[in-house]
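Everything below concerns the one structure shown next.
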Amino acid sequence: MHTKQSQKVARRDLDEKLRLSTPDRELLENLAVACASDPSPDKTFQYAFALSKSRQESELRYAVTILDSLVKEGYEHQIDCMYGSATALYLLGEFKEARVSGFV
């Protein structure tokens, strides 16, 4: 059983870990170029997964769209897609959807 205090501590710790894993612009640009120049499900996943840790709302929403699409298309790393989608939803403050979508 979690107390409100333990939940606050867990959330603060998760927020700090996510803050430290925010991708920089150069990485996102390189992944976008790689994905556009030679499209593949793996490159699409790499780009979307990096976007799922962005601080930009539009990028987070785009990540959810891409990752959910990969799951629907039967991409082999579906658990990773769901985790990335849940992470983006968490960062958007959509906590209920994040819990439904993945592991957060």
Side-chain angles (χ1 to χ4, degrees):
M1 182 167 170
H2 296 287
T3 65
K4 286 192 181 248
Q5 184 59 31
S6 69
Q7 289 175 342
K8 285 180 183 179
V9 170
R11 182 169 178 189
R12 186 182 65 234
D13 290 346
L14 176 60
D15 289 345
E16 177 65 11
K17 288 175 185 173
L18 290 172
R19 187 186 65 74
L20 293 171
S21 68
T22 302
D24 62 26
R25 282 289 119 204
E26 183 179 359
L27 173 65
L28 292 175
E29 289 172 10
N30 289 340
L31 290 170
V33 168
C35 186
S37 66
D38 185 21
S40 74
D42 287 334
K43 288 181 182 178
T44 300
F45 168 75
Q46 291 171 354
Y47 176 54
F49 196 81
L51 282 176
S52 75
K53 296 180 180 183
S54 173
R55 289 294 177 246
Q56 302 292 321
E57 180 181 347
S58 61
E59 291 177 341
L60 292 169
R61 294 201 182 283
Y62 189 46
V64 170
T65 300
I66 295 170
L67 293 165
D68 288 351
S69 177
L70 285 168
V71 169
K72 289 176 187 167
E73 293 170 7
Y75 181 61
E76 71 177 289
H77 302 292
Q78 292 190 8
I79 299 294
D80 297 319
C81 290
M82 289 184 275
Y83 180 81
S85 183
T87 299
L89 290 166
Y90 176 87
L91 290 170
L92 287 165
E94 298 177 14
F95 305 117
K96 183 178 178 183
E97 292 83 359
R99 283 187 210 97
V100 171
S101 177
F103 304 102
V104 176

Are Q56 and Y62 packed together at the side-chain level, in the sense that at least one heavy-atom pair is separated by less than 4.5 angstrom? no
Below 4.5 Å, heavy atoms only, C-beta onward: do M82 and L67 meet side chain to side chain? no
Please enumerate all residues that pass salt bridge (charged side-chain N to carboxylate O under 4.0 Å, His left out) together with D24, with sequence neighbours excluded. none
Roughly how far apart are S85 OG and L70 CG, rounded to 0.5 Å? 10.5 Å
Apply the test side chain to side chain contact (heavy atoms under 4.5 Å, CB included) to residues K96 and L89: give CA-CA distance (whole Å), side-chain angles for both, the deciding distance (0.1 Å), then the verdict. CA-CA 9 Å; K96 183 178 178 183; L89 290 166; over 6 Å; no
Kindly say whether F49 contributes a backbone atom to a donor-acceptor pair with the side chain of S52 at under 3.5 angstrom? yes
Assess the residue pair T3 and Q7 against the criterion (side chain to side chain contact (heavy atoms under 4.5 Å, CB included)); give the C-alpha distance rounded to whole Å, side-chain angles, the decisive distance to 0.1 Å, and a yes or no. CA-CA 6 Å; T3 65; Q7 289 175 342; over 6 Å; no
I'd like to check the side chain to side chain contact (heavy atoms under 4.5 Å, CB included) partners of T65; sequence neighbours left out, ordered by chain and number. none
Return yes if a side-chain donor-acceptor contact under 3.5 Å exists between S69 and E73, otherwise no. yes
Within the structure provided, determine whether S54 and R25 are in side-chain contact (heavy-atom separation under 4.5 Å). yes
Should we say atom CD of E16 is surrounded by more than 12 heavy atoms from elsewhere, each under 6.0 Å from it? yes
Would you list the atom pairs, donor with acceptor, under 3.5 Å between side chains in residues 41-48 and any protein atom, with sequence neighbours excluded?
from: D42; atom 1: OD1; to: Y75; atom 2: OH; distance (Å): 2.6
from: K43; atom 1: NZ; to: D38; atom 2: OD2; distance (Å): 3.0
from: T44; atom 1: OG1; to: S40; atom 2: O; distance (Å): 2.9

Side-chain contact test, heavy atoms from C-beta onward, threshold under 4.5 Å: evaluate it for L31 versus E26 and give yes or no. no
Side-chain heavy atoms nearer than 4.5 Å, only ILVMFWY residues, links allowed to pass through others: does that put L28 and V33 together? no
Could you check if a side-chain atom of L60 sits within less than 4.5 angstrom of a side-chain atom of K53, using non-hydrogen atoms only? no
Counting distance only, does the side-chain N/O of T87 pair as donor-acceptor with the main-chain N or O of Y83 below 3.5 Å? yes
Nearest 0.5 angstrom please: Y90 OH to R99 CZ, how far? 9.5 Å
For the atom pair OG (S58) and CG (L51), what is the distance rounded to the nearest 0.5 Å? 9.0 Å
